[in-house]
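Quick notes on the structure that follows.
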Protein chains: 2
Amino acid sequence: MRQGGTDAVHDERLALRKRRPSLVDAACEHIRASILSGANWPGSQLPTEAEFVDVLGVSRTVVREAVARLAAAGLVEARQGKGLFVSETARYQAFQITREEVENLSDVIQLLELRLSVETEMAALAAERRSEVDVMSMRQQLKILGEAAIGLDDSVKADVEFHNVIARASKNTYYAKLIDFLGVRLVPPRSLYLRQGQSYVGARYKAVISEEHEAILDAIIRRDPDAARVAARSHMSSSLKRHRDLQDFMSSHSPTG
Amino acid sequence: MRQGGTDAVHDERLALRKRRPSLVDAACEHIRASILSGANWPGSQLPTEAEFVDVLGVSRTVVREAVARLAAAGLVEARQGKGLFVSETARYQAFQITREEVENLSDVIQLLELRLSVETEMAALAAERRSEVDVMSMRQQLKILGEAAIGLDDSVKADVEFHNVIARASKNTYYAKLIDFLGVRLVPPRSLYLRQGQSYVGARYKAVISEEHEAILDAIIRRDPDAARVAARSHMSSSLKRHRDLQDFMSSHSPTG
DNA sequence: AGTTATAAGTTATATGACAACTTAAATAAT
DNA sequence: ATTATTTAAGTTGTCATATAACTTATAACT
């Protein structure tokens with residue numbers, strides 16, 4: 001990705017566009033639509049495989065693969081000898097943000113807005129619940145971040161890990177999972193914007209971020225949830241503001257069209 | 001679900017336990033493990049279908065269905081003529097909390113802790129960005145909630161919708177999606193606990209909740225993000241406290257052993 | 001060396017068959 | 001007539017074989 005990153009992304013998009021929708025894709029959408037429309041509700045029985053074969057005009061292989069896909073998505077359940085059913089827990093769809101959904105700066109900003117809320121309370125919980133091992137791990141990541149010779153990728157990695165350690169220190173598995181989820185989606189755009197805006201990697205920037213991190217850590221060490229909340233919110237607000245400023249800058253310099 | 005709810009849940013659990021793992025299940029786990037172990041990384045090529053047939057000793061149908069399942073989960077991509085690959089975006093796994101994962105009061109409490117953070121900032125954004133239509137919708141849900149003759153299910157539904165409208169008023173699609181996600185998972189346990197603790201549906205409880213809701217709405221109408229943040233956080237904190245108190249009560253009255 | 005055609009390899013789809021399970025219908029026992 | 005058992009029908013799970021569609025490697029031609 002580092003070499004010819006833009007070209008690789010471009011080629012990949014092209015490849016996706018050239019892929020013709022398969023029969024399994026179409027069968028999936030047909031079944032999915034019948035569920036989303038309410039015609040088939042959680043627990044209700046769907047047509048049999050044989051009936052789908054007739055209705056869709058495809059082989060049983062295609063129907064079975066479509067069912068496998070929908071079962072994996074939690075929408076459908078196949079019961080041997082009985083038939084196909086809309087899953088009782090079809091409503092429990094996962095929360096997903098695909099890479100394609102985070103393609104604009106406005107998407108990144110939305111994501112940062114969400115992350116601000118999560119990080120704020122998470123830090124407060126970490127202040128209440130952290131262990132000494134948690135604190136040591138946080139310190140270690142900040143030490144790595146403070147090294148003068150660190151490269152951008154290692155810097156991003158240590159930053160992400162610092163936040164992941166805080167999440168784990170909250171002793172709430174959902175925070176830990178959600179922060180990891182958000183982190184995965186924010187790393188590529190962040191690295192991209194940091195590369196584009198060289199000023200972001202200057203010494204002044206690093207010093208500001210370092211202070212913010214230290215303030216969070218300090219509050220967590222002192223077991224002060226309110227201070228941790230304020231420090232974390234401040235840190236995330238700064239990040240959000242920078243992206244909003246970037247958005248404003250870009251929209252005021254956009255080509256006329 | 002209303003009639004014999006407990007029995008239906010019990011029967012369903014039993015049915016799940018009796019289902020024998022299929023060959024597709026096993027094939028899935030084999031492939032998934034090879035990815036998670038790092039032996040196969042994003043972008044790397046996996047063994048061909050034919051090779052999996054040999055290695056796993058199953059038919060090609062089983063391999064293909066396993067692949068369909070893993071593809072639906074975003075882990076694997078099949079490219080016709082080329083082979084099977086670990087998806088470039090395998091790391092972008094969805095955030096999922098299955099119904100089975102929210103089975104204890106402690107799970108509900110963790111979920112409420114997460115929800116507290118999300119609702120707090122969401123209300124602030126809604127105060128900044130809400131439209132008149134948003135406000136009308138919020139009012140409507142509070143009106144429904146205030147009706148004397150409302151049943152428990154309609155009450156829960158209106159409460160959920162009130163929060164969903166706030167989420168949409170934040171004009172951040174990720175907040176809207178996440179609140180919906182959290183709401184789906186909190187409705188069943190909430191209804192259950194409300195049913196068990198009759199005191200929760202008393203007039204005093206309703207009055208307190210109503211005041212909290214009105215405070216949030218008022219701040220949003222006045223376009224006061226700070227007040228909205230405080231009101232929403234206060235509202236969610238109360239809910240969280242009640243559940244923590246319930247947990248404390250239950251753990252101090254738990255059977256010995 | 002470059003271009004084109006052919007062969008080999010891989011996934012997408014189709015078809016037919018049997019295995020394993022569930023339910024309905026028929027038959028036997030009381 | 002009712003109940004219990006057996007059989008048949010229906011449905012998903014798996015296997016095997018074949019062809020279509022696509023990709024890559026190899027061979028043949030210019």
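No hydrogens, no waters, no symmetry mates; every other heavy atom, side chains included, goes into these values. Within every chain, numbering begins at 1; the chains are lettered A, B, ... in the order of the sequence lines, protein sequences first and strands thereafter.
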Kindly give the heavy-atom pair with the smallest separation between B:E77 and B:E88, and that separation in Å.
-> OE2-N, 3.9 Å
Classify the nucleic acid contact of B:V67 as base, sugar-phosphate or nothing, counting any heavy atom under 4.0 Å across all strands shown.
-> nothing
Determine the contact category for B:T61: base if any of its heavy atoms lies under 4.0 Å from a base atom, sugar-phosphate if only primed atoms, P, OP1 or OP2 are that close, otherwise nothing.
-> base
Length of the CZ-C1' vector between B:R64 and D:dA21, whole Å = 12 Å
Specify the separation, in whole Å, of atom CG of A:L84 and atom C1' of C:dC21.
-> 14 Å
Counting side-chain heavy atoms from C-beta on, which of C:dT13, D:dG13, C:dA12 comes nearest to A:E49?
-> D:dG13
Would you mind reading off the distance between A:L56 atom CG and C:dT13 atom P, rounded to a whole angstrom?
-> 13 Å
Whole-Å gap separating C1' (D:dA21) and CZ (B:R79) | 17 Å
Given atom CZ of A:R69 and atom P of C:dT11, what is their separation to the nearest angstrom?
-> 16 Å
When the nearest nucleotide of DNA chain C is assigned to A:Q80 and to A:E65 on a heavy-atom basis, which residue is associated with the more 5' position?
-> A:E65
Among the candidates C:dT11, C:dA14, D:dT24, find the nucleotide nearest to the side-chain atoms of B:K82.
-> D:dT24
Would you mind telling me which of D:dG13, C:dA14, D:dT14 lies closest to the side-chain atoms of B:V62?
-> D:dT14
Among A:V187, A:L112, A:L114, which one satisfies side-chain contact (heavy atoms from CB on, under 4.5 Å) with A:L182?
-> A:L114
Looking at A:R91 and B:D180, does any basic side-chain N land under 4.0 Å from a carboxylate oxygen?
-> yes
Measure the distance from CG on A:D54 to P on D:dT11 and round it to the nearest whole Å.
-> 11 Å
For the side chain of A:A78, counting heavy atoms from C-beta on, which of D:dT14, D:dG13, C:dA14 is nearest?
-> D:dG13
Looking at B:R115 and A:E121, does any basic side-chain N land under 4.0 Å from a carboxylate oxygen?
-> no
How close or far is atom P of D:dT12 from atom CD1 of A:I31, stated in whole angstroms?
-> 11 Å
Heavy-atom nearest nucleotide on DNA chain D taken for B:V24 and for B:R60; more 5' hit belongs to B:V24
Using a cut-off of strictly less than 4.0 Å, decide whether A:S59 has a side-chain nitrogen or oxygen near OP1 or OP2 of C:dA14.
-> yes
Under a 4.0 Å N-O cut-off, is there an ion pair linking A:K171 with B:E113?
-> no
Between atom CD in A:Q45 and atom P in D:dG10, what is the gap in whole Å?
-> 14 Å
Tell me the partner of D:dT30, counting only Watson-Crick (N1-N3 plus N6-O4 or O6-N4) or G-U wobble (N1-O2 and O6-N3) with both under 3.5 Å; none if nothing fits.
-> C:dA1
